[in-house]
Protein chains: 2
Amino acid sequence: MTNQLDTCFAALSDPTRRAVVERLVSGPATVSELHQTHDIALPTFLRHLKVLEASGLVRSAKKGRVRTCHIEAAPLMEIQGWLEWQRRVWDRRLDRLSALASDIERNTQ
Amino acid sequence: MTNQLDTCFAALSDPTRRAVVERLVSGPATVSELHQTHDIALPTFLRHLKVLEASGLVRSAKKGRVRTCHIEAAPLMEIQGWLEWQRRVWDRRLDRLSALASDIERNTQ
DNA sequence: GCAATACTTAGCACTATGACTAACCAACTT
DNA sequence: AAGTTGGTTAGTCATAGTGCTAAGTATTGC
């Protein structure tokens, strides 16, 4: 069961790939444009792009000999959703704890 | 430069480890409690816990022979922050695009 | 003190990841 | 048509990650 969250989190665990995402949120770019700012061999960089595509975070299309990449919002939102869920549970727990604390305070007065 | 984001995203890319986080947001638990619900060998499971600790997402303390784990909110918030940042840039871009679209519409009328 | 409990360490196997080079293909340019 | 550009494939290497078993340590309970 290889989840979308699995591959997305994995994709974002690499600084090169996060940099690509950071670039793509402000608009599409070609492979060479993206590659320019990274000091690694092109084939290596391409593998990073493939990881991003496999995760669904990035899509691309080839026109002539140029491949243009753009970001896909949905997977990012899925991650946000997961985090939001954790935060909610966490917050509820803190609430319970502080409620408990005031209870104790009241009873000891 | 091994970033906190690197290790946190990597930690969360594994379903076993995400399950641990999901469990810990609702309160601390011991190693065996956490292990119970996972069908893997204890040493293997312990390595997952170590990955979580190394990332800063989980802290633990040993009392007697029992180790109790709890979650740390800060790293989760750092991830949320990064995502939020991407979303903001992305949204701004969409705004610019739709503004451009209405400009064109106006000019062609 | 002996046994059970709760981890912990060490070591092995296998797969996956991230880097490289070399060579290749396909589409523009001149 | 020949060369340049933009991307791709294939193959190698080293390291890191995930699973296991077996054996060890340190508390706790009887």
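In this text the structure is predicted, and so the values were computed from the model without any measurement. Lettering follows sequence order; numbering is per chain, from 1.
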Trainee: CG of B:D39 versus P of D:dG19: gap in Å, rounded?
Mentor: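 My rounded result for the distance is 11 Å.
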Trainee: Please give, in whole Å, the distance from C:dC20 C1' to A:R47 CZ?
Mentor: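 In whole Å, C:dC20 C1' and A:R47 CZ are 10 Å from each other.
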Trainee: Taking CD1 from B:I40 and C1' from D:dC20, how many angstroms apart are they, rounded to a whole number?
Mentor: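 The distance from CD1 of B:I40 to C1' of D:dC20 comes to 11 Å, rounded to the nearest Å.
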Trainee: Do other residues, nucleotides or ligands put more than 12 heavy atoms under 6.0 Å from B:D39 CG?
Mentor: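 12 or below, so no.
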Trainee: What do the steps show when you test A:L49 against A:S60 for side chain to side chain contact (heavy atoms under 4.5 Å, CB included), and what is the final call?
Mentor: CA-CA 9 Å; A:L49 282 183; A:S60 74; over 6 Å; no
Trainee: What integer distance in Å separates A:L49:CG from C:dG18:C1'?
Mentor: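 My rounded result for the distance is 14 Å.
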Trainee: Can you check each nucleotide of nucleotides 21-27 of chain C against protein heavy atoms at under 4.0 Å and return B for base, S for sugar-phosphate only, - for none, in 5' to 3' order?
Mentor: BB----B
Trainee: Do any of residues 50-57 of chain B sit with a heavy atom less than 4.0 Å from DNA chain D, and if so which?
Mentor: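 Under 4.0 Å from DNA chain D: no residue of residues 50-57 of chain B.
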Trainee: For the side chain of A:R18 and the backbone of A:L12, is there at least one donor-acceptor N/O pair under 3.5 Å apart?
Mentor: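 Indeed, once roles are kept as given, a pair shorter than 3.5 Å links the two residues.
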Trainee: Using heavy-atom distances to pick each residue's nearest nucleotide on DNA chain C, tell me which of A:F45 and A:K63 is more 5'.
Mentor: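 Between the two, 5'-proximity favours A:F45.
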Trainee: Could you tell me how far apart A:D14 (CG) and C:dT17 (C1') are, to the nearest whole angstrom?
Mentor: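 Result: 10 Å.
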Trainee: Identify whether B:L34 and A:V89 are in the same connected component of the hydrophobic contact network (ILVMFWY, side-chain heavy atoms under 4.5 Å).
Mentor: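 Result: yes, single cluster for both.
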Trainee: Going hydrophobic residue to hydrophobic residue with side-chain gaps under 4.5 angstrom, can you get from B:L76 over to B:V51?
Mentor: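 No, B:L76 does not connect to B:V51 through the hydrophobic network.
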Trainee: Would you say B:H48 places a side-chain N or O within less than 4.0 Å of OP1 or OP2 belonging to D:dG17?
Mentor: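 No, because none of the side-chain N or O atoms of B:H48 sits under 4.0 Å from OP1 or OP2 of D:dG17.
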Trainee: With side chain to side chain contact (heavy atoms under 4.5 Å, CB included) as the criterion, how do A:F9 and A:W82 come out once you've worked through the C-alpha distance, each side chain's angles and the decisive distance to 0.1 Å?
Mentor: CA-CA 11 Å; A:F9 274 122; A:W82 186 83; 4.1 Å; yes
Trainee: Starting at atom NE2 of A:H38, determine the distance to atom P of C:dA19, rounded to an integer number of angstrom.
Mentor: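 Going from A:H38 (NE2) to C:dA19 (P), I get 11 Å.
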Trainee: Does B:W85 share a hydrophobic cluster with B:W90, counting links as ILVMFWY side-chain heavy atoms below 4.5 Å and allowing steps through other members?
Mentor: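 Linked within one cluster.
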Trainee: With a 3.5 Å cut-off and no angle check, do the side chains of B:H70 and B:R59 form a donor-acceptor pair?
Mentor: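 Not at all, the side chains of B:H70 and B:R59 share no donor-acceptor pair under 3.5 Å.
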Trainee: To the nearest Å, how far apart are A:D6 CG and C:dT17 P?
Mentor: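 The distance from CG of A:D6 to P of C:dT17 comes to 11 Å, rounded to the nearest Å.
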Trainee: With hydrophobic residues grouped by side-chain heavy-atom distances under 4.5 Å, do A:I71 and A:M77 end up in a single group?
Mentor: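 In one cluster with A:I71: A:M77, no.
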Trainee: How many whole angstroms separate atom CZ of B:R67 from atom P of D:dA26?
Mentor: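 Answer to the nearest Å: 14 Å.
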